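The analysis underlying the following values was restricted to heavy atoms, covering all of them including side chains, and did not include hydrogens, waters or symmetry mates. Every value quoted in this text rests on a predicted model; they were computed, and no experiment measured them.
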Amino acid sequence: MKNNLKTAVILAAIGGLMIVVGGAIGGNAGAAIGLGIGLVFVGGSYWFSDKLAIKSAHAVEVSEAQMPRYHAIVRDLCQRADMPMPRLYVSPDPQPNAFATGRNPSHAAVCVNQGILDVLSWEELQGVLAHEISHVRNRDILISSVAAAVAMGITFMARMAMWGAMFGGGGRDRNDNMLGTLALAILAPIAAGFLQMALSRNREYEADRRGARLLGTGEPLARALEKLDRGTKAVPSRVDPAQATAYIANPLAGQKQNFAKWFTTHPPMEDRIARLRSGEWQS
């Protein structure tokens with residue numbers, strides 16, 4: 001119920017922002033178009049979120065014959081969590097990271113980057129996968145997917161607003177409001193970023209907690225997060241900023257001058273590690 005409420009908030013937010021930006025471009029007609037585009041983004045994120053995320057990561061599905069240990073760990077975690085087995089993928093991205101996606105536990109996928117396979121032990125990877133399975137079980141992945149669609153859709157509409165203002169879009173009655181439209185084009189993506197931030201941080205803490213409970217210990221995930229913290233800062237990634245919230249570690253952490261650093265969607269890694277080692281996950 002809590003996650004359903006959050007999803008409803010996102011849907012309302014994307015509808016409102018799309019209407020505002022569309023209205024800034026083309027008045028009432030633009031507002032209607034903005035709403036239509038918003039519905040397309042939301043519907044697409046619900047039905048095709050897993051495919052979009054997997055394609056964005058250039059990931060390929062791996063069979064049990066190809067990676068038996070990977071499958072065995074996830075199958076064991078799914079049995080503990082009493083949920084269906086997701087599809088498993090590997091991305092060629094050299095940055096150590098992982099994410100889960102999909103609209104519900106029956107239509108879910110888990111993806112690990114090649115970089116995470118190179119730096120983690122199997123025990124540490126089990127901690128990461130327990131975190132991702134917890135996201136799936138909590139239905140966080142739908143929220144993350146819709147939030148990503150919010151950010152992409154609002155950015156798309158903001159760019160339309162900017163071009164519309166530059167070339168006199170919206171008719172004669174809006175020619176005197178070009179500066180306001182340009183300001184909206186800049187502020188709308190920032191609003192989308194803050195929306196993602198608000199929805200993402202608590203979900204990461206909760207997935208850490210539930211992942212540790214699945215294993216009966218927080219140490220494997222804590223050790224993994226230490227390595228991922230170093231790895232994401234050292235190895236750049238070409239992840240779309242709108243998809244960054246889906247990953248266990250902020251894939252943009254190494255981009256110190258990136259504007260997204262002003263409102264990072266992930267909680268401080270040192271805080272997550274401390275919580276896992278303090279035994280807080282047992283409460």
Side-chain angles (χ1 to χ4, degrees), residues 53-54 56-59 62 67 69-70 73-74 77 86 88-101 109-136 138 140-141 144 148 196-197 200-215 217-256 258 260-261 263-278 280-281:
I54 293 299
S56 176
H58 304 288
V62 291
M67 296 192 67
R69 192 77 177 268
Y70 184 13
I73 290 174
V74 174
L77 291 170
L88 303 184
Y89 291 81
V90 173
S91 166
D93 194 330
Q95 184 185 84
N97 226 323
F99 68 89
T101 185
V110 172
C111 178
V112 296
N113 287 356
Q114 182 59 48
I116 208 171
L117 297 175
D118 294 337
V119 302
L120 296 190
S121 68
W122 284 109
E123 183 181 25
E124 291 163 348
L125 185 61
Q126 184 185 39
V128 169
L129 293 172
H131 171 101
E132 298 304 336
I133 290 300
S134 295
H135 272 314
V136 175
N138 295 346
D140 292 334
I141 52 177
S144 178
Q196 286 185 290
M197 178 185 71
S200 178
R201 291 191 172 191
N202 286 338
R203 292 188 299 105
E204 292 305 315
Y205 284 130
E206 182 64 12
D208 286 346
R209 186 181 73 83
R210 288 182 177 270
R213 293 183 70 176
L214 271 180
L215 297 179
T217 174
E219 184 58 28
L221 180 54
R223 293 201 308 268
L225 291 179
E226 287 177 330
K227 292 183 178 180
L228 298 188
D229 188 36
R230 294 192 296 268
T232 52
K233 292 175 181 176
V235 182
S237 177
R238 295 182 179 179
V239 171
D240 187 320
Q243 296 286 349
T245 58
Y247 287 79
I248 185 172
N250 182 8
L252 307 177
Q255 302 178 20
K256 297 186 183 301
N258 193 292
K261 292 286 289 184
F263 43 86
T264 178
T265 56
H266 289 68
M269 195 67 86
E270 59 272 18
D271 189 28
R272 295 171 65 183
I273 294 168
R275 291 186 182 207
L276 286 165
R277 287 185 166 149
S278 69
E280 184 177 323
W281 54 271

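Using a 4.5 Å heavy-atom threshold, the side chains of R203 and N138 count as separate. In this structure the side chain of P86 reaches within 4.5 angstrom of the side chain of V74, judged on heavy atoms. Side-chain contact between V239 and D93 is present, with heavy atoms from C-beta onward closer than 4.5 Å. Contact of the V136 side chain with the E132 side chain is not registered, since no non-hydrogen atoms from C-beta on lie closer than 4.5 Å. Under the 4.5 Å side-chain criterion, counting only non-hydrogen atoms from C-beta, I133 is in contact with L214. Counting heavy atoms from C-beta on, the side chains of F99 and T245 never come closer than 4.5 Å. In this structure the side chain of S56 reaches within 4.5 angstrom of the side chain of Q243, judged on heavy atoms.
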Check against side chain to side chain contact (heavy atoms under 4.5 Å, CB included), I54 and C111: CA-CA 8 Å; I54 293 299; C111 178; 4.2 Å; yes

Side chain to side chain contact (heavy atoms under 4.5 Å, CB included) evaluation trace for E226 with I273: CA-CA 7 Å; E226 287 177 330; I273 294 168; 3.5 Å; yes

Worked check of side chain to side chain contact (heavy atoms under 4.5 Å, CB included) between V112 and V128: CA-CA 9 Å; V112 296; V128 169; 5.5 Å; no

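In terms of modelled atom types and a separation under 3.5 Å, the side chain of N97 and the main chain of A249 share a donor-acceptor contact. Between the N113 side chain and the Q95 main chain, a donor and an acceptor come within less than 3.5 Å of each other. A donor-acceptor pair under 3.5 Å is absent between the side-chain atoms of Y89 and the main chain of H58, judged by distance alone. Without hydrogens or angle criteria, W281 side chain to R213 main chain gives no donor-acceptor distance under 3.5 Å.
Nearest heavy atoms, A57 versus S91: O-OG, 2.7 Å. Taking both residues in full, the closest heavy atoms of H266 and I248 are given as CD2-O, 3.7 Å, listed atom of the first, atom of the second, then distance. Listed here is the closest heavy atom pair of R272 and D208: NE-OD2, 2.8 Å. Nearest heavy atoms, V90 versus M67: CG2-SD, 3.6 Å. Residues G231 and P96 come closest through the heavy atom pair CA-CG, 3.6 Å. The two atoms that bring L77 and A130 nearest to each other are CD1-N, 3.5 Å, heavy atoms only.
No side-chain donor-acceptor contact under 3.5 Å links H135 and E206.
Here E123 pairs with R223 under the salt bridge (charged side-chain N to carboxylate O under 4.0 Å, His left out) rule; sequence neighbours left out.
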